[in-house]
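See structure below.
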Amino acid sequence: MRFGVVGTGVIGRLRARSIRENPGTELVSVADPAKAVADATASGLGAKSYADHRALLDAGGIDALVISSPLHLHEEQCADAFAAGLHVLCEKPLANSHESCMRIIAASQKAGKTLAVGFNHRYYPAIKFVKQAIVNGRIGKLDHLRVFGGHDGLNNFRADWMYKAAYSGGGAMMDAGIHMTDLARYLAGEVTSVYGVATNGIWKVDGSEDDAMAIFRTADGVPIQYEATWTEWKGYRFYVEAYGDLGMAKGYYAPMFNMLVTHEKPGARRRKEMRFYPGIILREKLKSWESTAYLAFVEELADFLKHVEGKPSAIADAWSGARSVEIAEAVYRCAKDGRPVELTRRPG
């Protein structure tokens with residue numbers, strides 16, 4: 001499959017490299033308004049470079065497009081890609097509003113092309129461990145879930161489109177928290193109702209919350225305790241904790257580790273297992289967090305190829321992208337009127 005990449009920032013460059021090094025894919029072209037950055041990426045990976053996504057599409061020669069550009073540009077670029085007959089892997093969040101997400105999905109369906117969303121945290125080893133602990137019944141029947149994600153605020157952003165609501169659609173929930181929303185659904189099942197609060201008394205960015213705390217409920221009645229924050233003064237981290245009647249499984253990053261606690265029945269003697277990832281920790285010290293993200297992109301790309309062929313995979317589909325944004329907007333609505341929000345049903 002021949003690919004183009006729009007957006008050659010840090011994530012776009014890692015995506016482009018993963019395409020270049022996959023034996024089943026070919027990197028044909030990249031585009032970025034910062035033409036010098038696009039040129040540097042293209043020359044290092046043997047691709048052509050353009051300053052505009054339309055020029056890349058007009059040049060043709062590709063089957064799929066990876067979109068890793070600023071969030072507020074996603075809808076236009078996705079629509080143009082589908083009109084050109086391409087499959088799309090779009091970086092998270094899919095768009096900066098739920099309405100925009102649904103328009104993107106409608107465009108993909110009209111074109112008959114595949115759309116997937118880049119929630120690469122699904123491929124982190126610590127998350128895969130928790131997923132398997134649930135699927136394999138190691139913690140018994142899932143009772144509830146806790147998810148947390150955040151960092152210490154605006155100093156982490158390289159551009160204002162990453163945090164100003166006019167571009168980003170919101171604050172912590174649309175940033176690090178969007179991954180946690182996706183992982184909540186990925187691990188516990190479809191979220192159908194939301195109750196939450198959001199505040200912005202620290203950084204005071206209009207429309208962009210510093211903190212969001214919520215309770216989600218799945219279609220099976222599993223409650224999820226959720227928090228996304230820009231006031232995690234200890235620095236960037238996220239974790240998921242799944243609790244069942246036979247134990248719990250925790251996945252944490254960074255540093256990456258797992259904890260598994262099991263017992264034969266509530267009240268019985270418990271066994272604790274810890275899993276550490278010294279290779280990942282050492283590699284990140286030498287090569288930064290990008291090395292872990294890259295390996296996740298490699299797996300995600302392989303799953304995207306399966307998804308295009310209609311085969312089962314762990315990749316986040318179009319609905320997952322739209323639902324995560326809908327959940328964020330539900331928390332914002334609830335924070336204003338204090339009432340729980342019932343989410344829309346999946347079409348079909």
Side-chain angles (χ1 to χ4, degrees), residues 11 14-15 18 89 91-93 116-140 142-151 172-173 175-191 216 218 222 224-229 232 235-244 247-262 272-281 283-284 289-304 306-307 312-317 319-321 323-324 327:
I11 300 302
L14 292 174
R15 295 275 189 193
S18 71
L89 172 57
E91 190 57 61
K92 61 78 191 169
V117 182
F119 282 115
N120 66 301
H121 284 13
R122 294 185 179 201
Y123 298 90
Y124 278 30
I127 298 303
K128 291 195 284 186
F129 180 92
V130 175
K131 178 71 170 179
Q132 287 304 307
I134 296 171
V135 171
N136 295 339
R138 297 193 70 184
I139 63 171
L142 185 63
D143 182 74
H144 65 280
L145 199 72
R146 295 175 187 162
V147 297
F148 171 92
H151 54 69
M173 281 197 78
D175 174 41
I178 205 76
H179 277 296
M180 308 321 298
T181 306
D182 178 69
L183 291 180
R185 295 180 60 254
Y186 181 59
L187 296 172
E190 185 59 90
V191 173
F216 307 154
T218 72
V222 176
I224 301 168
Q225 179 182 316
Y226 171 98
E227 182 176 359
T229 181
E232 180 55 33
Y236 174 73
R237 66 200 63 231
F238 74 81
Y239 65 81
V240 298
E241 294 180 336
Y243 287 81
M248 66 84 65
K250 178 172 186 166
Y252 188 97
Y253 181 83
M256 193 174 297
F257 74 84
N258 287 109
M259 176 190 297
L260 179 68
V261 178
T262 57
K272 181 188 290 187
E273 300 176 28
M274 300 294 295
R275 174 175 292 191
F276 299 100
Y277 300 85
I280 293 175
I281 294 170
R283 188 188 67 234
E284 289 191 344
W289 60 269
E290 294 179 19
S291 60
T292 298
Y294 170 73
L295 293 177
F297 293 155
V298 168
E299 291 190 51
E300 192 171 45
L301 177 62
D303 268 3
F304 180 71
K306 293 179 183 177
H307 192 50
S313 76
I315 203 165
D317 63 8
W319 176 258
S320 296
R323 193 62 143 191
S324 63
I327 289 171

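Here, residue 1 is the first one in the sequence, and each next residue gets the next number. Predicted model only: the values in this text are computed from it and were never measured.
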Determine the minimum heavy-atom distance between A228 and G177, stating which atoms define it. CB-CA, 3.7 Å
Please report whether the ring centroid of Y124 lies less than 6.0 Å from that of Y253. yes
Contact between E299 and K128 at the side-chain level, heavy atoms closer than 4.5 Å - yes or no? yes
Could you pull out all residues at least two apart from E232 that satisfy salt bridge (charged side-chain N to carboxylate O under 4.0 Å, His left out)? K234, R237
Do you know the tightest heavy-atom contact between V117 and D317? CG2-O, 3.9 Å
What I want to check is whether the side chains of E284 and T292 have a donor and an acceptor closer together than 3.5 Å. yes
Worked verdict on M274 versus N258 for side chain to side chain contact (heavy atoms under 4.5 Å, CB included): CA-CA 6 Å; M274 300 294 295; N258 287 109; over 6 Å; no
If I compare all heavy atoms of G189 with all of T218, which pair ends up nearest, and what's the gap? O-CG2, 3.8 Å
Sidechain N-carboxylate O distance under 4.0 Å for E290, R283: no
For residues V130 and G251, report the shortest heavy-atom separation together with the two atoms involved. CG2-N, 3.5 Å
Step-by-step side chain to side chain contact (heavy atoms under 4.5 Å, CB included) determination, V222 to D143: CA-CA 6 Å; V222 176; D143 182 74; over 6 Å; no
Using 0.5 Å steps for rounding, measure from the CD1 atom of I139 to the OG1 atom of T262. 10.5 Å
So, for F148 and M180, which heavy atoms are closest and what is the spacing to 0.1 Å? O-CE, 3.4 Å
For D182, give me all partners under salt bridge (charged side-chain N to carboxylate O under 4.0 Å, His left out), at least two apart in sequence or on another chain. R122
K306 side chain near P312 side chain, heavy-atom distance below 4.5 Å: no
Look at E190 together with R323 and state whether they make a salt bridge at an N to O cut-off of under 4.0 Å. yes
Looking only at heavy atoms, the pair that brings S313 and H307 closest together is OG-CB, 4.3 Å
From CG (L187) to CD1 (I127), nearest 0.5 Å: 6.5 Å
Is any side-chain heavy atom of I11 less than 4.5 Å from a side-chain heavy atom of E91? yes
Strictly distance-based, threshold 3.5 Å: is any side-chain N or O of Y123 a donor or acceptor partner for the main-chain N or O of I315? yes
Is any side-chain heavy atom of V298 closer than 4.5 Å to one of Y294? yes
Answer whether the closest heavy-atom distance between the side chains of K250 and L260 falls below 4.5 Å. no
Mind checking whether Y226 and F216 have parallel, tilted or perpendicular rings, split at 30° and 60°? tilted
Can any side-chain N or O of N120 pair as donor or acceptor with the backbone N or O of A296 at less than 3.5 Å? no
Between M248 and M259, is any pair of side-chain heavy atoms under 4.5 Å apart? yes
Tell me if a side-chain donor or acceptor on K131 pairs with a main-chain N or O of Y186 at a distance below 3.5 Å. yes
Hey, are R146 and Y243 close enough side-chain-wise for a donor-acceptor pair under 3.5 Å? yes
Using distance alone, with no hydrogens and no angle criterion, decide if R185 and S320 have a side-chain donor and acceptor under 3.5 Å apart. yes
Out of curiosity, L145 CG to L183 CG, how far, rounded to the nearest 0.5 Å? 9.0 Å
Below 4.5 Å, heavy atoms only, C-beta onward: do F257 and R275 meet side chain to side chain? no
CA sep, side-chain torsions, deciding dist, call: E241, V147, side chain to side chain contact (heavy atoms under 4.5 Å, CB included): CA-CA 6 Å; E241 294 180 336; V147 297; over 6 Å; no
Working for side chain to side chain contact (heavy atoms under 4.5 Å, CB included), residues T229 and H151: CA-CA 6 Å; T229 181; H151 54 69; over 6 Å; no
Is there a side-chain contact between F119 and I178 in this structure, where contact means two heavy atoms from C-beta onward sitting under 4.5 Å apart? yes
